[in-house]
Amino acid sequence: MTTYVDRQTTLADQVTLTGIGVHSGKPASITLVPAEAGVGIVFTRTDQDNACEIPARWDKVTQTALCTVLGDPSKDGVSTVEHLMAALFGMGIDNLIVEIDGPEMPIMDGSSSVFVEAIEQVGLKKLDRGRRYLKVNKTVRVDNGSAWCELHPHDGTKFDITIDFDTPLIGKQQFVDDITPDVFRDDLSRARTFGYVKDVEQLWKMGFALGSSLENSVAIADDKVLNPEGTRWPDEFARHKALDAVGDLALAGLPILGLYRSYKGGHKMNHAILVKLFEDPSAFEIVEAPAFRQVGQVDKGGIAAAAVFGPDVS
């Protein structure tokens with residue numbers, strides 16, 4: 001049975017984390033700052049004069065190749081937001097200012113585990129406003145060749161993610177579960193990003209993966225995992241794809257009440273399903289816990305006009 005949170009949340013205190021950007025290879029530091037009810041998740045660049053605040057929202061996504069990008073990182077945008085967004089969604093945080101000193105989020109160990117540890121260290125604070133949810137009312141689907149993804153009505157928040165790689169090391173794997181803080185922390189948060197060594201040289205030429213290493217990625221060569229410790233689960237690859245999906249769908253702007261299914265998906269399709277959902281105002285509504293009272297009027301912009309919320313590796 002799903003337990004619904006009745007009030008909006010933020011962090012009980014601010015916390016700072018440092019690392020490097022997996023694509024830029026440059027140092028990166030973020031500070032998670034508590035925010036008031038109704039703010040949502042907002043990114044702001046501290047290295048830019050007069051930088052705009054960018055809501056963590058699907059209509060601010062500008063790129064989905066290898067990572068999810070909000071805005072223009074050459075100005076005041078931020079890339080590789082999905083692992084932090086997954087942690088915030090999974091651990092139930094509604095309102096937060098993410099201050100970042102550059103164009104890319106720190107990759108940490110390639111998963112969401114460090115973000116989850118930081119969240120648990122400072123704790124959550126309940127705010128004096130009811131929590132809002134985005135409730136899926138009818139099925140929407142996106143197809144891309146043999147790949148597809150769907151959002152279905154569901155009493156809770158559930159992810160059903162299947163990957164299918166033409167390699168014996170990975171093959172077909174599936175992760176299915178309701179996303180609660182316990183499930184996210186124990187079963188998803190430690191799943192790391194992964195990639196093939198044969199692709200690295202081309203990625204370097206394209207300006208990607210300059211900070212990638214065995215410290216923050218699962219490296220695959222000749223159907224072997226090169227990391228000395230191996231994988232954290234036999235199906236860590238599917239778990240990481242599920243983690244990415246949680247982070248990308250957090251860009252709906254509100255916690256989702258629905259079932260998300262995907263086959264051979266990634267950042268591009270995770271974003272596409274949100275675009276598809278918000279194209280049809282009858283496909284969703286915004287409700288408030290615990291009685292799920294409908295809130296405001298929805299429009300093609302995605303979130304109720306009364307709401308102030310801004311909330312692969314393919």
Side-chain angles (χ1 to χ4, degrees), residues 1-6 8 40-41 55-61 64 68 82 85-86 88-94 130-144 147-162 174-181 183-184 188 241-307 309-311:
M1 178 181 294
T2 301
T3 301
Y4 297 104
V5 176
D6 61 345
Q8 292 181 34
I41 309 300
R57 201 171 62 213
W58 64 278
D59 56 349
K60 300 300 182 182
V61 172
T64 55
T68 298
E82 58 271 15
M85 291 303 302
L88 300 180
F89 185 107
M91 301 306 290
I93 296 177
D94 302 303
R131 194 183 205 205
R132 291 173 172 176
Y133 292 84
L134 183 72
K135 181 181 179 183
V136 178
N137 285 334
K138 68 181 185 182
T139 298
V140 294
R141 179 181 172 106
V142 173
D143 291 276
N144 183 15
W148 54 265
C149 58
E150 299 173 333
L151 269 171
H152 298 268
H154 178 70
D155 183 23
T157 303
K158 190 170 187 175
F159 281 69
D160 179 349
I161 307 299
T162 300
Q174 183 179 26
F175 175 88
V176 186
D177 212 336
D178 290 294
I179 303 302
T180 65
V183 168
F184 185 81
L188 283 185
K241 286 291 191 177
L243 183 154
D244 278 347
V246 171
D248 288 337
L249 266 68
L251 298 176
L254 296 172
I256 292 174
L257 294 177
L259 162 64
Y260 180 56
R261 301 178 64 221
S262 74
Y263 175 71
K264 298 171 67 172
H267 297 304
K268 182 177 180 180
M269 294 196 70
N270 295 337
H271 178 247
I273 198 68
L274 292 180
V275 174
K276 185 78 170 181
L277 177 72
F278 289 120
E279 284 177 348
D280 183 357
S282 70
F284 67 97
E285 63 182 311
I286 294 175
V287 295
E288 186 172 313
F292 295 133
R293 177 178 61 86
Q294 185 169 353
V295 178
Q297 298 296 318
V298 296
D299 58 26
K300 290 186 70 174
I303 299 300
F309 289 79

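In this chain, residues are counted from 1 in sequence order.
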Are the side chains of [Y] and [X] in contact, using a 4.5 Å heavy-atom criterion?
{"X": "V136", "Y": "F284", "answer": "no"}
{"X": "S262", "Y": "M269", "answer": "no"}
{"X": "D177", "Y": "L188", "answer": "no"}
{"X": "L151", "Y": "L259", "answer": "no"}
{"X": "H154", "Y": "Y260", "answer": "no"}
{"X": "L249", "Y": "I273", "answer": "yes"}
{"X": "N144", "Y": "C149", "answer": "no"}
{"X": "T68", "Y": "H271", "answer": "no"}

Discussion item. With a 4.0 Å cut-off on N to O distance, would you call R141 and D143 a salt bridge?
Written reply: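 Looking at D143 together with R141, the answer is yes, because their closest N to O distance falls below 4.0 Å.
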
From [X] [atom1] over to [Y] [atom2], what is the distance, rounded to the nearest 0.5 angstrom?
{"X": "R261", "Y": "Q174", "atom1": "CZ", "atom2": "CD", "answer": "8.0 Å"}
{"X": "L254", "Y": "E288", "atom1": "CG", "atom2": "CD", "answer": "11.0 Å"}
{"X": "T180", "Y": "M91", "atom1": "OG1", "atom2": "CE", "answer": "9.0 Å"}
{"X": "K138", "Y": "L277", "atom1": "NZ", "atom2": "CG", "answer": "10.0 Å"}
{"X": "L274", "Y": "R57", "atom1": "CG", "atom2": "CZ", "answer": "12.0 Å"}
{"X": "I286", "Y": "L257", "atom1": "CD1", "atom2": "CG", "answer": "11.5 Å"}

List the atom of [X], the atom of [Y], and the distance in Å for their closest heavy-atom pair.
{"X": "I93", "Y": "R131", "value": "N-NH2, 4.4 Å"}
{"X": "A283", "Y": "V140", "value": "CB-CG1, 4.0 Å"}
{"X": "A245", "Y": "N270", "value": "CA-ND2, 3.5 Å"}
{"X": "A289", "Y": "Y133", "value": "CB-CE1, 3.6 Å"}

Heavy-atom donor-acceptor pair, [X] side chain to [Y] backbone, under 3.5 Å:
{"X": "Q8", "Y": "G130", "answer": "yes"}
{"X": "T162", "Y": "Y263", "answer": "no"}
{"X": "E82", "Y": "G247", "answer": "no"}

Worksheet item: Taking only residues two or more places apart in sequence or in another chain, which ones pass side-chain contact (heavy atoms from CB on, under 4.5 Å) with A86?
Response: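 For A86 the side-chain contact (heavy atoms from CB on, under 4.5 Å) partners, ignoring immediate neighbours, are S112, F184, L243, V246.
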
Fill in: Aromatic ring pairing F159/F89, orientation class (parallel under 30°, perpendicular over 60°, tilted between)
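F159 vs F89 ring planes: perpendicular.
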
